[in-house]
J.: 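Take a look at the following structure, please.
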2 protein chains.
Amino acid sequence: MNLSFDIEDFLRDFENSCNKVQKKSFEKNQVITSYIQKRNQFCILISGNADLVRYDLNGNRTIIDHFTKNDVFGEVFYDVTTNNELLVEAKSTCEVLIYSYQNIHYKCKQNCKFHQRLTECLPELILDKVTSLNMRVELLTKRSTRDKLLGYFNLLSTRTLSKTFKLPFSLTDLADYLSVDRSAMMRELKLLKEENFIKKDGKTITLLYK
Amino acid sequence: MNLSFDIEDFLRDFENSCNKVQKKSFEKNQVITSYIQKRNQFCILISGNADLVRYDLNGNRTIIDHFTKNDVFGEVFYDVTTNNELLVEAKSTCEVLIYSYQNIHYKCKQNCKFHQRLTECLPELILDKVTSLNMRVELLTKRSTRDKLLGYFNLLSTRTLSKTFKLPFSLTDLADYLSVDRSAMMRELKLLKEENFIKKDGKTITLLYK
DNA sequence: AAAGTTTTGTTGCTTTTGCAACAGAAAATC
DNA sequence: GATTTTCTGTTGCAAAAGCAACAAAACTTT
């Protein structure tokens with residue numbers, strides 16, 4: 001997906017880099033960061049996967065976003081004016097580059113190699129983010145659980161160039177991601193199987209239409 | 001919202017600018033552009049407002065995004081691999097800067113003033129986009145029509161720093177935007193009025209809680 | 001390998017949402 | 001300023017989604 005961005009280059013540059021950047025490791029279920037206004041933190045996920053979750057006043061948990069390798073996150077991307085808490089939670093062991101910036105233009109006084117590369121790659125990294133958000137919006141605007149599921153499956157199928165693919169998260173999390181009730185989603189999956197739209201073996205899905 | 005980006009500066013630079021940029025006007029309901037892979041078009045809305053809409057195979061129309069002054073759009077932001085048609089439709093008379101780029105890094109051979117400024121402002125413009133998309137996702141992940149409405153009203157209230165504000169689009173379009181059935185939304189609005197959560201006079205809403 | 005925990009699969013019942021249809025209000029067009 | 005079109009407000013009914021609860025399977029942890 002990221003043609004010219006290479007996280008390995010990034011890391012190499014990082015080694016002898018500026019003091020504004022830290023590399024940290026997190027265990028599963030640890031909180032990587034929380035979105036707080038003026039904290040000015042910008043993160044790149046080097047390995048593992050993590051979720052951006054919101055806990056609302058009633059304690060309901062919503063997966064707002066799901067991050068994998070190369071994804072960028074931090075409160076720059078967010079209008080942190082809601083009352084709700086936004087946390088990034090590690091779903092597996094994660095390595096993260098955490099960068100504290102003074103201003104949104106990401107200019108480093110020392111003009112170190114890391115920052116040069118960051119400045120170069122940033123538009124691209126952010127564009128990837130916009131693309132994935134747009135896709136997410138497109139899924140979420142679908143009206144029925146069935147359409148959301150099929151939309152998502154199509155997407156995975158297009159990405160993997162195959163009618164058979166593995167879901168990148170648990171069915172419980174998929175329901176959260178598509179913003180539907182889990183049992184309703186399971187019911188719909190069952191119907192899709194019965195109506196021969198899909199074949200399902202655990203988290204492996206095969207599309208049977210067209 | 002855009003502190004350092006100023007569309008007027010942009011336009012001034014544009015006047016004696018490069019041949020890759022065009023300024024065009026569109027009447028209400030005209031199609032400004034459609035998202036086609038490899039078209040490599042990037043647009044900035046100078047005035048008016050427009051919607052990004054999807055027509056699916058059944059002819060259902062969904063408002064994927066709503067653009068106002070300073071908003072950027074184009075298929076760069078989109079993974080144009082779906083079968084569905086994506087169109088940007090003018091909702092009022094619109095002026096648009098249309099920029100054809102060769103590569104995603106937006107470098108202009110002549111290095112004209114327009115491009116210099118574009119390169120400077122692009123991260124900021126795109127970040128605004130990410131912020132608004134994240135907000136949209138947050139609204140769409142809310143499970144009930146009521147929560148979507150209240151979430152959206154809170155947002156408008158926070159933006160205008162007032163408990164009273166005017167909806168920026170018609171109720172019909174609002175339903176499309178929140179991805180709910182219009183009549184269900186009207187019903188919910190009625191209940192919110194009856195339960196004294198809100199006061200409503202046409203498109204002017206007043207929040208009565210907290 | 002046993003115990004504990006999380007995920008999956010299922011179902012009856014309730015609530016919410018969506019659909020269809022219509023009338024009046026408002027806006028746009030002629 | 002009359003006519004057509006779009007938008008708003010409403011409702012009965014049908015369909016879909018959500019809730020609650022439980023058992024079985026899969027996975028962690030001890």
J.: Which listed nucleotide (D:dC19, C:dG9, D:dG9) is nearest to the side chain of A:Ser183?
T.: D:dC19
J.: Between A:Leu192 (CG) and D:dA16 (P), how many Å, whole number?
T.: 13 Å
J.: In chain order, what residues pass the salt bridge (charged side-chain N to carboxylate O under 4.0 Å, His left out) check against A:Asp71, with sequence neighbours excluded?
T.: none
J.: Any protein N or O atoms within reach of nucleotides 15-17 of chain C? Criterion: under 3.5 Å, listing atom names and distances.
T.:
residue : atom : partner  : partner atom : Å
C:dT17  : OP1  : B:Thr145 : N            : 2.8

J.: Measure from CG on A:Leu191 to C1' on D:dA15 and round the result to the nearest Å.
T.: 13 Å
J.: Remember a base hit wins even if backbone is also touched, and classify B:Lys203 as base, sugar-phosphate or nothing at under 4.0 Å, heavy atoms.
T.: sugar-phosphate
J.: Calculate the interatomic distance between B:Met186 atom CE and D:dG9 atom C1'; express it in whole Å.
T.: 5 Å
J.: With B:Arg146, which residues qualify under salt bridge (charged side-chain N to carboxylate O under 4.0 Å, His left out), at least two apart?
T.: B:Glu188, B:Glu195
J.: Find the distance A:Glu27:CD to D:dT28:P and express it as a whole number of Å.
T.: 14 Å
J.: Given that B:Met185 and A:Phe169 both sit by DNA chain C, which one's nearest nucleotide is further toward the 5' end?
T.: A:Phe169
J.: Tell me whether B:Lys142 contacts the main-chain N or O of B:Asp147 through its side chain, where contact means a donor paired with an acceptor under 3.5 Å.
T.: no
J.: In terms of side-chain heavy atoms of B:Lys190, which of D:dT10, D:dC7, C:dT10 is nearest?
T.: D:dT10
J.: Classify the nucleic acid contact of A:Lys148 as base, sugar-phosphate or nothing, counting any heavy atom under 4.0 Å across all strands shown.
T.: nothing
J.: Between A:Ser179 (side chain) and A:Asp176 (backbone), is there a donor-acceptor pair under 3.5 Å?
T.: no
J.: Without swapping roles, check the side chain of A:Asp181 against the backbone of A:Ser183 for a donor-acceptor pair under 3.5 Å.
T.: yes
J.: May I have the distance from B:Glu194 (atom CD) to D:dT10 (atom C1'), rounded to whole angstrom?
T.: 12 Å
J.: What is the distance, to the nearest angstrom, from the NZ atom on B:Lys193 to the C1' atom on D:dT8?
T.: 10 Å
J.: Looking at residues at least two apart in the chain, or sitting in another chain, which of them share a side-chain hydrogen bond (donor to acceptor under 3.5 Å, both in side chains) with A:Thr164?
T.: A:Thr206
J.: Is it true that a side-chain atom of B:Asp51 and a backbone atom of B:Lys91 form a donor plus acceptor pair closer than 3.5 Å?
T.: no
J.: Which pairs with one or both residues in residues 21-41 of chain A pass ring-ring contact (aromatic ring centres under 6.0 Å, His included), sequence neighbours excluded?
T.: A:Tyr35-A:Tyr78
J.: Kindly point out which of C:dT10, D:dT8, D:dT10 is positioned nearest to the side chain of A:Arg182?
T.: C:dT10
J.: Roughly, in whole Å, what's the span from NZ in B:Lys142 to C1' in D:dG18?
T.: 18 Å
J.: Any N/O pairs under 3.5 Å between the protein and nucleotides 26-30 of chain C? List them or say none.
T.:
none

J.: Between B:Thr172 and D:dT6, is there a contact of a side-chain N or O with OP1 or OP2 at under 4.0 Å?
T.: no
J.: In whole Å, what is the span from the CG atom of B:Leu174 to the P atom of D:dT6?
T.: 20 Å
J.: Less than 6.0 Å separating the ring centroids of B:His66 and B:Phe169?
T.: yes
J.: NA contact type, B:Lys200, heavy-atom cut-off 4.0 Å: base, sugar-phosphate, or nothing?
T.: sugar-phosphate
J.: Taking NZ in A:Lys200 as the centre, count heavy atoms belonging to other residues, nucleotides or ligands within less than 6.0 Å. Is the count above 12?
T.: yes
